[in-house]
Amino acid sequence: MMSLKHFWTKKTLVGLGLGQFLSLLITSTGFSSSELSNRGINAPTSQSFLNYVLLTVVYGSVMLYKRQALKAKWYYYVVLGLVDVEANYLVVKAYQYTSITSVMLLDCWSIPSVMLLTFIFLKTKYRFRKIAGVIVCVAGLVMVIFSDVHAGDRSGGRDPRKGDLLVIAGATLYAISNVSEEFLVKNANTVELMSFLGLFGAIISAIQISIIERNELKSIHWTAGAAFPFFGFSLAMFLFYSFVPVLLKTSGSTMLNLSLLTSDMWAVIIRIFAYHEKVDWMYFLAFAAVAVGLVIYSGGDKEEDRHQCTAGVGDKDAGRSKHFDEEAGFDNINRGAIAGSSKTGNTSKHDCITSGERSETIENKNTGKDVQWKKS
């Protein structure tokens with residue numbers, strides 16, 4: 001039975017808080033894009049371009065100052081930059097063809113996509129509690145969809161099938177981007193990731209702007225009312241991209257995508273208090289369901305850390321130690337405190353032993369003796 005102390009760990013609270021901060025940033029980008037659209041400015045790639053430039057300047061400067069050597073191949077970042085740029089473009093483009101209700105519903109496709117990709121490529125193992133948390137979160141968002149239908153807020157769009165395909169394609173690319181970033185954050189370097197994602201994202205965006213949005217940019221009449229949401233969008237996206245690696249490293253890409261589900265509900269709250277609009281009561285029930293789902297998914301990480309390390313002692317394949325459950329975290333590989341509870345082991349099980357015990361193992365192996373663990 002999981003105790004409340006094990007459930008409310010520091011890692012859980014940080015994951016939940018950071019996830020909602022990122023969700024609020026996404027909400028602010030939505031309002032910025034809506035304001036630009038109301039002013040007749042439809043240039044999604046141009047908005048993202050400034051974000052990529054900021055990433056390149058800030059993190060690239062840090063990387064040059066530290067003179068860090070590359071930990072991943074540069075062409076990985078080219079592919080990641082292309083995927084990230086097109087994911088942003090496709091989802092924003094879909095609003096021109098289908099209803100907002102369809103976009104919200106189909107965008108959930110990124111969650112099972114992320115879980116499948118992390119299971120295949122990162123060897124992430126999801127326990128029943130994790131899956132239950134995902135189901136509760138998605139159920140909460142489905143309530144929002146029903147609320148929109150109940151309120152009559154469902155416009156078909158001029159080409160719903162095309163719009164729906166764009167959303168599914170964009171959500172799939174988001175999943176690929178998130179999982180790739182999680183892998184690079186845990187195996188390479190955050191500064192390196194942000195630097196090259198910004199560099200290649202800016203290059204790809206510039207090429208796409210010159211082909212698709214060149215005339216749109218020329219027709220924009222720049223005023224303070226147009227410039228504020230345009231640059232506000234870029235700043236919010238820069239903060240979002242800067243903090244995403246932190247959540248990916250501590251809680252994983254599934255937690256990130258689940259946290260972003262609440263962005264639509266934060267938008268509802270802003271509409272109520274800032275614009276004094278009335279919303280359906282199901283929005284509040286949906287918000288509560290997503291919040292509960294997030295707590296279920298992220299809770300109890302401390303207990304799972306201990307279980308993972310103990311299980312690692314009985315695993316004969318040392319290579320599997322690189323593929324801990326994403327919630328257990330890669331930082332636990334070098335912890336020695338957990339290993340104190342184990343009485344036996346050998347050199348192939350080095351992930352859960354202390355440096356002192358490792359030395360004793362090597363010495364005993366050199367003398368041809370069996371390893372005997374001494375009680376402290």
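These numbers come from the heavy atoms of this one structure, side chains and all, not from hydrogens, waters or symmetry mates. Residues: numbered from 1 along the sequence shown. This structure is a prediction, so every number in the text was calculated from the model and none was measured.
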query = With a 6.0 Å cut-off on ring centres, are Phe119 and Tyr126 close enough?
reply = no
Can you name the nearest heavy-atom pair linking [X] to [Y], along with the distance?
X      : Y      : answer
Pro229 : Leu36  : CG-CD2, 3.8 Å
Ile204 : Gly81  : CD1-C, 3.7 Å
Met194 : Pro245 : CE-CG, 3.7 Å
Gly198 : Leu55  : CA-CB, 3.8 Å
Ala169 : Leu90  : CB-CD1, 4.0 Å
Leu247 : Leu18  : N-CD2, 3.7 Å

query = Should Lys130 and Lys125 count as side-chain neighbours, where that means a heavy-atom distance under 4.5 Å?
reply = no
Pairwise distance [atom1]([X]) to [atom2]([Y]) - rounded to 0.5 angstrom:
X      : Y      : atom1 : atom2 : result
Gln68  : Asn189 : CD    : CG    : 4.5 Å
Leu197 : Thr56  : CG    : OG1   : 8.5 Å
Tyr241 : Tyr52  : OH    : OH    : 3.5 Å
Gln47  : Asn42  : CD    : CG    : 8.5 Å
Leu260 : Ser110 : CG    : OG    : 8.0 Å
Glu182 : Leu117 : CD    : CG    : 10.5 Å

message = I need the full list of side-chain hydrogen bond (donor to acceptor under 3.5 Å, both in side chains) pairs touching residues 20-32, with sequence neighbours left out, sorted by first then second residue.
response = Gln20-Thr262, Gln20-Trp266, Ser23-Thr262
ask   = Stepwise, does the side-chain contact (heavy atoms from CB on, under 4.5 Å) test hold for Phe238 with Val58?
value = CA-CA 10 Å; Phe238 171 74; Val58 174; 3.8 Å; yes
Within the 3.5 Å criterion, strictly below it, is a donor on [X] or [Y] matched to an acceptor on the partner's side chain?
X      : Y      : result
Tyr77  : Glu192 : yes
Tyr59  : Ser242 : yes
Ser177 : Asp84  : yes
Ser113 : Tyr174 : no

inquiry  = If we ignore hydrogens and angles and just use 3.5 Å, is the side chain of Ser251 paired with the main-chain N or O of Leu248 as donor and acceptor?
reply    = no
